[in-house]
2 protein chains.
Amino acid sequence: MSQHRHPGAPRRAGAVPALPDLPEATVARLPEYLRALHNLAETGHETVSSEGLANAAGVNSAKLRKDLSQLGSYGTRGVGYDVGLLIDQIEYVLGLTQRRAVALVGVGNLGHALAGYDGFASRGFRIAALFDADQERVGEEINDLVVLHIDELPRVAAEESIAIGVIATPAAAAQRVADQLVAVGVTSILNFAPCVLSVPDGVDVRKVDLAIELQILSFHEHRKASLTALPAAGGSALTALPGGLAVTESQEAIGT
Amino acid sequence: MSQHRHPGAPRRAGAVPALPDLPEATVARLPEYLRALHNLAETGHETVSSEGLANAAGVNSAKLRKDLSQLGSYGTRGVGYDVGLLIDQIEYVLGLTQRRAVALVGVGNLGHALAGYDGFASRGFRIAALFDADQERVGEEINDLVVLHIDELPRVAAEESIAIGVIATPAAAAQRVADQLVAVGVTSILNFAPCVLSVPDGVDVRKVDLAIELQILSFHEHRKASLTALPAAGGSALTALPGGLAVTESQEAIGT
DNA sequence: CGGTGTGAACCTTTTCACAGCA
DNA sequence: TGCTGTGAAAAGGTTCACACCG
């Protein structure tokens, strides 16, 4: 329950403070709040209301307040939240007080872009090493990092204390890479390959699949088209297969 | 309720077959099922059980069955689902029976990679045009497409019937680009810029923020570290700061 | 008075467990 | 017998509305 706390009761030793298990949904939104807060800080705001921050983060204020209350955060009634303090709190909870080392595997089209993406560096991470299995790519330099052969992974992972791996290989190679990452102690993986990875308990995987995002949008397009089309038309029967599947693949609705 | 349809009860007019509003959670998983089904088809499977498909897609079988039943899909009891049929159904529902034209705006580091990503082409989309506001980049050729100046957007959007836009610009430019896209009739946007976009009702936006994904993983790393650290320590009260926030920013747990 | 923190209601999603069909 | 389809229960998330504090 109460994450509440009274100042003046500092914790001891290597102690890690209550990292109460926040709801996943909340965790997923904290980074968004953090980004919004950094913007506010840069524009000189010292304090912000739940309403203001909610707008900046694209959520509603009730949700935001509930999320922040999970961290035991203190706002000031009648005033709002202290921007700087909240940044510290969220960064602490997200474990961003240390700059985490990340290994990126697969320096093809997408991997190349990721290696050069400065958003990682500016938001708490350090790409510590780049790997590829293709000798053609080994030795290439990207952003001051030389691409290493994947066989170097064990050595480098140890040297750099790498706990997070990013997979940007083709799908066919992804599971093997995941196994290699896990073998060297990586416990969090961000997977850009379009495939399901299986990993042991205790290892977290998040997946980003660009085509899937578009397909979800496509569904909504399809839906919108069908809605606008319905009212209009007088036309022929194109329809209703069992299961709601059209036989005639039809040209998307009408209107557009 | 029943999305069910009985054969022989054809629907009328410009009718688009049942595109009942599926739960968002289901919509978000359909593309994953589709990918898994394509894999199965390629490896010669003609039929698959809910258990089998669920494994391939990384979900549990109850969820999968419920999802598919939403589409009114027919499996065969005691047998499973027909792979080819299910592919057609899902592609239909997702609106992938037509190859949708996509405009990509922002051909920097990330945009460049997206322009070259063949996953879009192979999974139902056609990148129809590339835009950038920087004259330096206009004229560059990527994958047989020439980068156009953003001012050309209105003309090209009309010519190519573009309904989906991808924003891969810096955050500062993203809202303006979104406005421009909306102005030319785009109703779905995939946003890679780390910012919130505001768009009119009826326009769908999905966001992909690479740093956020890492930050979510970072939270779990932090959490795991704190858990493994706890048991170890003998003693001291490590705990419960008010608000669960450490005053002392402490050095991440111990281990690592 | 303004705005946070939060119980309670509501809705969505997941999971369970089994009836019923091939 | 095997596996789908689905009610019903459980869990998780969101929204409401307001008590309470600065």
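In what follows, chains are A, B, ... by sequence order, proteins preceding strands, each numbered from 1.
- Going from atom CD of B:E24 over to atom P of C:dT13 covers 8 Å, rounded to whole Å.
- For B:A41, the side chain to side chain contact (heavy atoms under 4.5 Å, CB included) partners at least two apart in sequence or on another chain are B:V83, B:I87.
- Remark: C1' of D:dG13 and CG of A:D21 are 15 Å apart, rounded to the nearest angstrom.
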Under 3.5 Å, which donor-acceptor pairs do the side chains of residues 187-194 of chain B form with other protein atoms, sequence neighbours left out?
from, atom 1, to, atom 2, distance (Å)
B:T187, OG1, A:E221, OE1, 3.0
B:T187, OG1, A:E221, OE2, 2.5
B:S188, OG, A:E221, OE2, 2.6
B:N191, OD1, B:A193, N, 2.9
B:N191, ND2, B:A193, O, 3.2
B:N191, ND2, B:C195, O, 3.2

Between the protein and nucleotides 16-18 of chain D, list the N/O to N/O atom pairs that are separated by less than 3.5 angstrom.
from, atom 1, to, atom 2, distance (Å)
D:dA17, N6, A:R65, NH2, 3.4

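- Counting only heavy atoms from C-beta outward, the side chains of B:Q89 and B:V93 never approach each other to under 4.5 Å.
- For the atom pair A:E91 CD and A:L86 CG, the distance stands at 10.5 Å (nearest 0.5 Å).
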Please write out the pairs of protein N or O atoms and N or O atoms of nucleotides 19-22 of chain D separated by less than 3.5 Å, giving the distance to one decimal.
from, atom 1, to, atom 2, distance (Å)
D:dC20, O2, A:R77, NH1, 3.0
D:dG22, O4', A:R77, O, 3.4

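- When the salt bridge (Lys or Arg N to Asp or Glu O under 4.0 Å) test is applied to A:R176, no partner is found at least two apart in sequence or on another chain.
- For the OP1/OP2 pair of C:dA22 and a distance below 4.0 Å, the side-chain nitrogens and oxygens of B:Y74 include no atom meeting the criterion.
- In this entry the distance linking CG of A:L68 with C1' of C:dG5 reads 11 Å, nearest Å.
- Nearest approach of B:I167 to B:A174, heavy atoms of both residues: CD1-O, 3.9 Å.
- Under a 3.5 Å cut-off, the side chain of B:H222 and the backbone N or O of A:L96 do not form any donor-acceptor pair.
- Residues satisfying the side chain to side chain contact (heavy atoms under 4.5 Å, CB included) criterion with B:A54, sequence neighbours excluded, are B:V59, B:S61, B:L64.
- Identified under the salt bridge (Lys or Arg N to Asp or Glu O under 4.0 Å) test for residues 40-64 of chain A, with sequence neighbours left out: none.
- Residue B:L86 contributes atom CG, which lies 14 Å from atom C1' of D:dG5 at whole-angstrom precision.
- Taking the side chain to side chain contact (heavy atoms under 4.5 Å, CB included) definition, one finds that A:P170 meets it with nothing, sequence neighbours left out.
- If you take CD of B:Q70 and C1' of C:dT14, they are 12 Å apart, rounded to a whole angstrom.
- The backbone N or O of A:L94 sits less than 3.5 Å from a side-chain atom of B:S218, completing a donor-acceptor pair.
- Heavy-atom distances under 4.0 Å link DNA chain D to A:A25, A:R29 of residues 25-41 of chain A, given in residue order.
- Look at NZ on B:K63: it is 18 Å from C1' on D:dT4, rounded to the nearest Å.
- Only A:S49, A:S50, listed by number, bring a heavy atom of residues 44-55 of chain A to less than 4.0 angstrom from any atom of DNA chain C.
- Within the structure, salt bridge (Lys or Arg N to Asp or Glu O under 4.0 Å) pairs that include any residue of residues 192-215 of chain B comprise A:E32-B:K207, A:R123-B:D209, A:R206-B:E213, A:E213-B:R206, A:K224-B:D204, B:K207-B:D209 (at least two apart or interchain).
- Evaluation of the ring-ring contact (aromatic ring centres under 6.0 Å, His included) rule for A:F120 yields A:Y117 as partners, not counting sequence neighbours.
- Atom CG of A:D67 is separated from atom P of C:dT4 by 14 Å (rounded to the nearest Å).
- Counting only heavy atoms from C-beta outward, the side chains of B:Y81 and B:L37 never approach each other to under 4.5 Å.
- Between C:dT13, C:dG5, D:dG13, one nucleotide has an atom nearer to the side chain of A:P23 than all others, and that is D:dG13.
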